[in-house]
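Contents: one structure, followed by commentary.
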Amino acid sequence: MGCAGCHAPPEFSIDPNSGNNGVIGNLGAPGIDVNNTRSPSLRDIVGTDGTLNGPLMHTGQFRGLQAVIGHYGQINLAPGNTRLDPRLRPNGVGQQLNLTQPEVDAVIAFMRTLTGRNVYTDVRWSDPF
Ligand code: HEC
């Protein structure tokens with residue numbers, strides 16, 4: 001499934017019907033957490049200096065965009081993950097993207113065009129309600 005199915009333009013905000021994306025670490029507790037089905041906008045992940053504004057996913061386990069795409073390239077069907085989005089398990093099999101390095105680089109380059117810090121500083125984004 002394409003990234004934009006869940007991270008929809010123009011703000012690359014999350015599809016309200018998204019399941020989880022296979023990142024099921026549980027912060028501060030044993031076991032897994034399959035209930036994270038929301039993501040912030042994919043804008044401003046990378047700062048204007050080209051470095052990540054912060055670690056990625058609810059676990060903070062990814063510190064680079066290459067690793068994120070690697071995750072989506074080989075989705076793991078973890079036992080107990082009852083909320084993995086069906087789009088990431090076509091025909092019941094964990095998604096295998098088989099991307100070439102130039103394709104990975106192109107996705108990274110695209111996400112880098114969404115660079116900035118506006119999400120953190122503009123008052124228009126300060127109230128989620
Ligand atoms: C089935 C829906 C779905 C698809 C398809 C999907 N994502 Fe996600 N994405 C999510 C969810 C849900 C999260 C939040 C996960 C978390 O925080 O643990 C997320 C988180 C992310 C994050 C981390 C955001 C942050 O601020 O921590 C990045 C980057 C990302 N996705 C990029 C991609 C890319 C690139 C693709 C395509 C290769 C993609 N996503 C496809 C649902 C999806």
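Start at 1 and go down the list; that is how both ligands and their atoms are numbered. As the structure is a prediction and not an experimental result, all values here were calculated from the model.
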Sub-4.0 Å heavy-atom approach of [X] to ligand 1:
{"X": "P40", "result": "yes"}
{"X": "G2", "result": "yes"}
{"X": "G54", "result": "no"}

From atom 8 (Fe) of ligand 1 out to just under 2.8 Å, does an N/O/S atom of N21 turn up?
->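 So N21 does not bind atom 8 (Fe) of ligand 1 by this criterion.
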
Any donor and acceptor pair, going by atom type alone, linking the side chain of H71 with main-chain N or O of N21 inside 3.5 Å?
->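 Present.
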
Spell out, as yes or no, whether a donor-acceptor pair under 3.5 Å connects the side chain of R63 to the backbone of G54.
-> no

Any atoms of ligand 1 less than 4.0 Å from a non-hydrogen atom of [X]? List them with their elements.
{"X": "D85", "answer": "1 (C)"}
{"X": "T37", "answer": "12 (C)"}
{"X": "L88", "answer": "1 (C), 5 (C)"}
{"X": "M111", "answer": "35 (C)"}
{"X": "S18", "answer": "2 (C), 12 (C), 42 (C)"}
{"X": "L42", "answer": "22 (C), 28 (C), 29 (C), 30 (C), 32 (C)"}
{"X": "I45", "answer": "29 (C)"}
{"X": "G19", "answer": "12 (C)"}

Would you mind finding which of R38, H58, R43 brings a heavy atom closest to atom 17 (O) of ligand 1?
->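 That would be H58.
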
With atom 43 (C) of ligand 1 as the reference point, say which of G60, C6, G25 has the nearest heavy atom.
->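 That would be C6.
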
Nearest 0.5 Å, what's the [atom1]-[atom2] distance between [X] and [Y]?
{"X": "L114", "Y": "R112", "atom1": "CG", "atom2": "CZ", "result": "11.5 Å"}
{"X": "L97", "Y": "C3", "atom1": "CG", "atom2": "SG", "result": "7.5 Å"}
{"X": "L52", "Y": "L65", "atom1": "CG", "atom2": "CG", "result": "5.5 Å"}
{"X": "Q95", "Y": "L84", "atom1": "CD", "atom2": "CG", "result": "9.5 Å"}
{"X": "N35", "Y": "H58", "atom1": "CG", "atom2": "NE2", "result": "9.5 Å"}
{"X": "L77", "Y": "R89", "atom1": "CG", "atom2": "CZ", "result": "8.0 Å"}

Testing N36, D85, T37, N81 for side chain to side chain donor-acceptor pair (under 3.5 Å) with N20, which one passes?
->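 The passing option is N81.
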
Got an N/O contact under 3.5 Å between M57 and ligand 1?
-> yes

Close N or O approach (H7, ligand 1; < 3.5 Å) | yes

Residue part near ligand 1, for [X], under 4.0 Å between non-hydrogen atoms:
{"X": "T59", "value": "neither"}
{"X": "L56", "value": "both"}
{"X": "D15", "value": "neither"}
{"X": "C3", "value": "both"}

Count the heavy atoms belonging to other residues, nucleotides or ligands that lie under 6.0 Å from CG of N91, then report whether that count exceeds 12.
-> no

With sequence neighbours excluded, what pairs up with A8 under the side-chain contact (heavy atoms from CB on, under 4.5 Å) test?
-> none

Name all residues meeting the salt bridge (Lys or Arg N to Asp or Glu O under 4.0 Å) criterion together with E11; count only those two or more places apart in sequence or in a different chain, and write none if there are none.
->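 Per chain and number, E11 pairs via salt bridge (Lys or Arg N to Asp or Glu O under 4.0 Å) with R43.
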
